[in-house]
Amino acid sequence: MPVSDRTRIKRGANRGVYDKDEINRILDANLIGHVGFVVDGEARVIPTLYIRDGDDIYLHGNRMNR
């Protein structure tokens with residue numbers, strides 16, 4: 001995967017993985033991820049189910065939830 005100043009891991013950099021096949025193995029071995037976003041200036045993080053389909057990741061959710 002391309003690495004830039006924006007995507008480079010800074011804390012715990014020795015644990016970072018940039019190999020696409022390894023990233024896909026990590027994603028495929030799990031079902032739950034955490035999504036972070038900002039609402040009204042406040043950071044929120046919620047756990048959610050996901051699946052990977054090729055290069056796409058689909059998140060489980062509901063439009064009525066944040």
Side-chain angles (χ1 to χ4, degrees):
M1 303 298 291
V3 180
S4 68
D5 287 339
R6 185 172 179 247
T7 61
R8 185 180 329 280
I9 296 173
K10 294 165 184 65
R11 295 182 71 184
N14 61 321
R15 297 177 61 200
V17 176
Y18 300 98
D19 177 69
K20 184 176 180 176
D21 291 334
E22 182 65 19
I23 292 169
N24 286 339
R25 279 191 286 276
I26 292 168
L27 290 170
D28 293 345
N30 295 283
L31 292 174
I32 298 176
H34 292 80
V35 178
F37 53 95
V38 176
V39 175
D40 299 328
E42 294 184 13
R44 311 279 173 101
V45 177
I46 59 171
T48 187
L49 295 174
Y50 72 87
I51 61 166
R52 183 182 70 86
D53 182 18
D55 287 340
D56 297 320
I57 296 175
Y58 295 93
L59 304 175
H60 178 270
N62 184 315
R63 286 187 278 161
M64 299 303 290
N65 291 338
R66 294 203 181 256

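The figures that follow rest on heavy atoms only: side chains count, while hydrogens, waters and symmetry mates do not. Positions are given from 1 along the sequence.
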Verify same cluster id: L49, I26 (apolar side-chain graph, 4.5 Å): no

Applying side chain to side chain contact (heavy atoms under 4.5 Å, CB included), can you list everything that pairs with P47, at least two apart in sequence or on another chain? I32, H34

Stepwise side-chain contact (heavy atoms from CB on, under 4.5 Å) check, D19 with R25: CA-CA 10 Å; D19 177 69; R25 279 191 286 276; 4.3 Å; yes

Mind checking who shares a hydrophobic cluster with Y18, ILVMFWY linked at side-chain heavy-atom distances under 4.5 Å? V3, I9

Residues 52-59 side chain polar contacts: donor-acceptor under 3.5 Å, at least two apart:
residue: R52; atom: NE; partner: D28; partner atom: OD1; Å: 2.8
residue: R52; atom: NH1; partner: G54; partner atom: O; Å: 2.7
residue: R52; atom: NH2; partner: D28; partner atom: OD1; Å: 3.4
residue: R52; atom: NH2; partner: D28; partner atom: OD2; Å: 2.7
residue: D55; atom: OD1; partner: K20; partner atom: NZ; Å: 2.9
residue: D55; atom: OD2; partner: K20; partner atom: NZ; Å: 3.3

Ignoring hydrogens and angles, tell me if any N or O in the side chain of T48 forms a donor-acceptor pair with the backbone of H60 under 3.5 Å. yes

Table please: side-chain donor-acceptor pairs of residues 10-17 below 3.5 Å, with sequence neighbours left out.
residue: K10; atom: NZ; partner: D5; partner atom: O; Å: 2.8
residue: K10; atom: NZ; partner: R8; partner atom: O; Å: 3.3

State, to 0.1 Å, how close N30 and Y50 come at their nearest heavy-atom pair, and which atoms those are. CB-OH, 3.3 Å

